[in-house]
Asks: 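Quick one: this structure, given as structure tokens, is what I'll be asking you about.
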There are 2 protein chains.
Amino acid sequence: MSANSRMTVAVHVLTWMALVHGRGRDVVTSDQIATSVATNPVVIRRSLADLRKAGLVTVRHGAGAGWTLAREPESIALLDVYRVVHAEPLFALHHGEPNQACPVGRGIQPALRRVYVDTEEAVRRELAAVSIADVLRDTLAARSG
Amino acid sequence: MSANSRMTVAVHVLTWMALVHGRGRDVVTSDQIATSVATNPVVIRRSLADLRKAGLVTVRHGAGAGWTLAREPESIALLDVYRVVHAEPLFALHHGEPNQACPVGRGIQPALRRVYVDTEEAVRRELAAVSIADVLRDTLAARSG
DNA sequence: CCTGCTGTAACTGTTATTGTTACAGTAAGG
DNA sequence: CCTTACTGTAACAATAACAGTTACAGCAGG
């Protein structure tokens, strides 16, 4: 296992917040979330910082500080999370420029780019169809099943 | 840009082979392909070795050695290439096991796995619809456009 | 002013990837 | 059988991403 798990961590964070949100508590700390994810609070804070930039959570400073969901779990799609964690495209083009003197070297990048864009859009469509509320429901169902 | 470009390299390799295949020449060397991709022949040979394991190309040793497409370009889908280069899943689950004492920690992995599998399948559907022959056609069109 | 948590820099260990050199293995063709 | 030209692969370096960790300044509620 080497691939990045930022998507998983971010969804876990939001799902956990959605759970306590439903229970009426609204301000939670990175330490509490870190306990559920079983990692370091700084990792959680880094994830939350990104989620905040995207407007998915809000932060409160000072004593009694902590985090709150900025939207209802039903209105947060996994696509929103994907946008936060995936700066890099699914597939990378060549590291260096291919040989422009070769017909394939010259024309393949636009051709590939088109395919890659279509593929990314398929991913986005899939992730747009699932909300944090859906994940929470499935999570609680899986737990008891 | 850091993401892996193995998909791009493998498709480039096959597309180049499809081009010379159409021109009647059938045995090509890693050096020739490396010139088009503008990289080291060993990188190409590594890619070709993987493609060979999947049965997409065949190799000939000795003097006059080289590589040949094992199938017609129309019958090689980008999905076949994806299977070759993508050992790792699109999204990774947690690195360590999440807290099993927490309802979210306990149930989120099966819930996420389901979403991730669906997403991967969307990617596969997209890539299944495009062949190396399609890429070659688009590549030559892009070159002149 | 205390207190508790955030925000973030800095550093480590691990791992993937690309590029590179080097060299043994292999078989076609004279 | 020997030359030749290319494959197959190990080994290594450089780069970069990532997860995890420590440390500490900043902030605001009470």
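By convention in this document, chain letters (A, B, ...) are assigned in the order of the sequence lines, proteins followed by strands, and residues within each chain are numbered from 1.
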Asks: Is there a path from A/Val85 to A/Val37 through hydrophobic residues (I, L, V, M, F, W, Y) whose side chains come within less than 4.5 Å of each other?
Replies: yes

Asks: Determine the minimum heavy-atom distance between B/Ala34 and B/Asn40, stating which atoms define it.
Replies: CB-C, 4.1 Å

Asks: Among the nucleotides C/dT20, D/dC6, D/dG20, which one has an atom lying closest to any side-chain atom of A/Thr39?
Replies: D/dG20

Asks: Does the side chain of B/His61 get closer than 4.0 angstrom to OP1 or OP2 of D/dG8 through an N or O atom?
Replies: yes

Asks: Separation of B/Lys53 atom NZ from D/dG8 atom P, in whole Å?
Replies: 10 Å

Asks: Do you know the tightest heavy-atom contact between A/Leu69 and A/Met17?
Replies: N-CE, 3.6 Å

Asks: Which of the following nucleotides, C/dG19, C/dT6, D/dA19, is nearest to the side chain of A/Asn4?
Replies: D/dA19

Asks: Looking only at side-chain atoms of A/Val43, point me to the closest of D/dC6, C/dG19, D/dG20.
Replies: D/dG20

Asks: A/Arg6 CZ to D/dG20 C1': how many Å, rounded?
Replies: 15 Å

Asks: Should B/Tyr82 and B/Leu78 be marked as a side chain to side chain contact (heavy atoms under 4.5 Å, CB included) after you check the CA-CA gap, both sets of side-chain angles, and the distance that decides it?
Replies: CA-CA 6 Å; B/Tyr82 181 75; B/Leu78 294 199; over 6 Å; no

Asks: Using atom CZ of B/Arg60 as one end and atom P of C/dG29 as the other, report the distance to the nearest whole Å.
Replies: 7 Å

Asks: Measure from the side-chain heavy atoms of A/Arg46 and tell me the nearest of D/dA19, D/dT22, D/dT4.
Replies: D/dA19

Asks: Could you pick out which residue, B/Gly62 or B/Gly96, lies toward the 5' side of DNA chain D when each is mapped onto its nearest nucleotide?
Replies: B/Gly62

Asks: Between C/dA22, D/dT4, D/dC6, which nucleotide has the shortest distance from any of its atoms to the side chain of B/Thr29?
Replies: D/dC6

Asks: Of the options D/dA19, C/dC5, D/dG29, whose atoms approach the side-chain atoms of A/Ser5 most closely?
Replies: D/dA19

Asks: Considering only heavy atoms and no angle criterion, is a donor-acceptor pair shorter than 3.5 Å present between the side chain of A/Arg52 and the base of C/dG7?
Replies: no

Asks: Determine whether A/Leu90 and B/Met7 fall in the same hydrophobic cluster, where Ile, Leu, Val, Met, Phe, Trp and Tyr are linked whenever their side-chain heavy atoms lie under 4.5 Å apart.
Replies: yes

Asks: Take the protein atom CD of A/Glu88 and the nucleotide atom C1' of D/dC18, then report the distance between them rounded to whole Å.
Replies: 12 Å

Asks: Round to the nearest Å and state the distance from B/Phe91 atom CZ to D/dA17 atom P.
Replies: 19 Å

Asks: As a test of reading the structure: which of C/dT18, D/dG8, C/dT6 is closest to the side chain of B/Val59, going by heavy atoms?
Replies: D/dG8

Asks: Tell me the interatomic distance from B/Leu48, atom CG, to D/dC6, atom P, rounded to whole angstroms.
Replies: 14 Å

Asks: Have a look at B/Ala65 and say if it touches a base, only the backbone sugar-phosphate, or nothing, with a 4.0 Å heavy-atom cut-off.
Replies: sugar-phosphate

Asks: Tell me the interatomic distance from A/Arg45, atom CZ, to D/dT21, atom C1', rounded to whole angstroms.
Replies: 11 Å

Asks: Taking the nucleotide of DNA chain C with the closest heavy atom to each, which residue, B/Gly64 or A/Gly66, is nearer the 5' end?
Replies: A/Gly66

Asks: When the distance from CG of A/Asn40 to P of D/dT21 is rounded to whole Å, what number comes out?
Replies: 5 Å

